Peer 1: 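I'd like to ask some things about the structure below.
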Amino acid sequence: VQLQASGGGLVQAGGSLRLSCSVSGINFRLFPVGWYRQAPGKQRDMVAIIGAEHSTDYADSVKGRFTISRDNVRRNVYLQMNSLKPEDTAVYYCKITSNRDYWGQGTQVTVSS
């Protein structure tokens, strides 16, 4: 199973980014996928999760600003991030969960004030 995350970068506060994660080697449509982030010196936290039936859950800190979606044909999961804040700066990881967790390599998001 492989996950390839992309779309990170440097953006000013108030700006937007769209992260993408391409998943291969697993029956993508059957399993929940999510985005997590880890800032320097902090633990890795859940940002958003989307289930196989497209139900979603978000961390309180991103509700109303971030949107997770999935494309089962392209086997991709996306994270649209709007109204970005400096505290959103972190490495963002995608994860898919079947009988175990599989992680992508992470993509850096930096929000300048």
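Bear in mind that the values here come from a model prediction, so they are computed numbers and not experimental data.
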Peer 1: Looking at CZ of Phe31 and CD1 of Ile26, how far apart are the two atoms once the value is rounded to the nearest 0.5 Å?
Peer 2: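 That separation rounds to 4.5 Å.
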Peer 1: Tell me, do Cys21 and Val23 make a side-chain contact under 4.5 Å, heavy atoms counted?
Peer 2: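 When only atoms from C-beta onward are counted, Val23 and Cys21 do touch, with a gap below 4.5 Å.
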Peer 1: Starting from Met46, can I reach Val33 by hopping between I/L/V/M/F/W/Y residues whose side chains sit under 4.5 Å apart?
Peer 2: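 No, no single cluster joins them.
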Peer 1: Which pair of non-hydrogen atoms, one from Tyr78 and one from Ser20, has the smallest distance, and what is that distance?
Peer 2: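 In terms of heavy atoms, the two residues are closest at CD2-OG, 3.3 Å.
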Peer 1: Quick one: closest heavy-atom pair of Phe28 and Val77, and the distance?
Peer 2: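 Looking at all heavy atoms of both residues, the closest pair is CZ-N, 4.2 Å.
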Peer 1: Rounded to the nearest 0.5 Å, how far apart are CD of Gln2 and OG of Ser24?
Peer 2: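 The OG atom of Ser24 is 5.0 Å from CD of Gln2, to the nearest 0.5 Å.
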Peer 1: Testing the basics here: between Leu17 and Leu84, what is the closest heavy-atom pair and its distance to 0.1 Å?
Peer 2: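 It is N-CD1, 3.8 Å.
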Peer 1: Between atom CD1 of Ile96 and atom CH2 of Trp103, what is the distance when rounded to the nearest 0.5 Å?
Peer 2: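 It is 12.5 Å, given to the nearest 0.5 Å.
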Peer 1: Distance-only, no hydrogens or angles: does the Arg70 side chain make a donor-acceptor pair with backbone N or O of Gly51 under 3.5 Å?
Peer 2: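 Present.
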Peer 1: Can you tell me how far apart CG (Leu30) and CG (Asn72) are? Round to the nearest 0.5 Å.
Peer 2: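 It is 8.5 Å, given to the nearest 0.5 Å.
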Peer 1: Could you check whether Thr110 and Gln108, counting side-chain N and O atoms only, form a donor-acceptor pair closer than 3.5 Å?
Peer 2: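 Distance-only check passes for Gln108 and Thr110.
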Peer 1: Could you report the tightest heavy-atom contact between Val109 and Gly8, atom names first, then the distance?
Peer 2: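 Scanning both residues completely, I find the closest heavy atoms to be CG2-CA, 4.1 Å.
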Peer 1: Decide whether Val62 and Val111 are clustered together by the hydrophobic rule: side chain heavy atoms of Ile, Leu, Val, Met, Phe, Trp, Tyr closer than 4.5 Å, transitively.
Peer 2: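 Both belong to a single hydrophobic cluster.
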Peer 1: Above 12 or not: heavy atoms from other molecules or residues under 6.0 Å from CD of Glu87?
Peer 2: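 It does: Glu87 CD has more than 12 such atoms within range.
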Peer 1: Suppose we screen for side-chain contact (heavy atoms from CB on, under 4.5 Å). Which residues come up paired with Ser83, at least two apart in sequence or across chains?
Peer 2: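 So Ser83 forms a side-chain contact (heavy atoms from CB on, under 4.5 Å) with Arg65.
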Peer 1: Determine which pairs satisfy side-chain hydrogen bond (donor to acceptor under 3.5 Å, both in side chains) with at least one residue from residues 30-48, sequence neighbours left out, and list them in order.
Peer 2: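 Output for this query lists Tyr36-Lys95, Arg37-Ser61, Arg37-Asp88, Arg37-Tyr92, Gln38-Arg44, Gln43-Asp45.
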Peer 1: How close do Ile68 and Thr56 get, heavy atom to heavy atom, and via which atoms?
Peer 2: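 That would be CG2-CG2, 3.7 Å.
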Peer 1: List in chain and number order the residues that pass salt bridge (Lys or Arg N to Asp or Glu O under 4.0 Å) with Lys63, two or more places apart in sequence or in another chain; answer none if no residue qualifies.
Peer 2: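 Asp60.
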Peer 1: Does Phe66 belong to the same Ile/Leu/Val/Met/Phe/Trp/Tyr cluster as Ile49, with side-chain heavy atoms less than 4.5 Å apart forming each link?
Peer 2: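 Cluster IDs for Phe66 and Ile49 differ.
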Peer 1: Any idea which heavy atoms bring Val91 and Gly106 closest together, and the distance?
Peer 2: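 Minimum heavy-atom separation between Val91 and Gly106: CG1-CA, 3.8 Å.
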Peer 1: To the closest 0.5 Å, what do you measure between OG (Ser113) and NZ (Lys85)?
Peer 2: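 Ser113 atom OG to Lys85 atom NZ measures 14.0 Å (nearest 0.5 Å).
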Peer 1: Please round to the nearest 0.5 Å and tell me the distance separating atom OH of Tyr58 and atom CG of Leu79.
Peer 2: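 Reported value, rounded in 0.5 Å steps: 7.5 Å.
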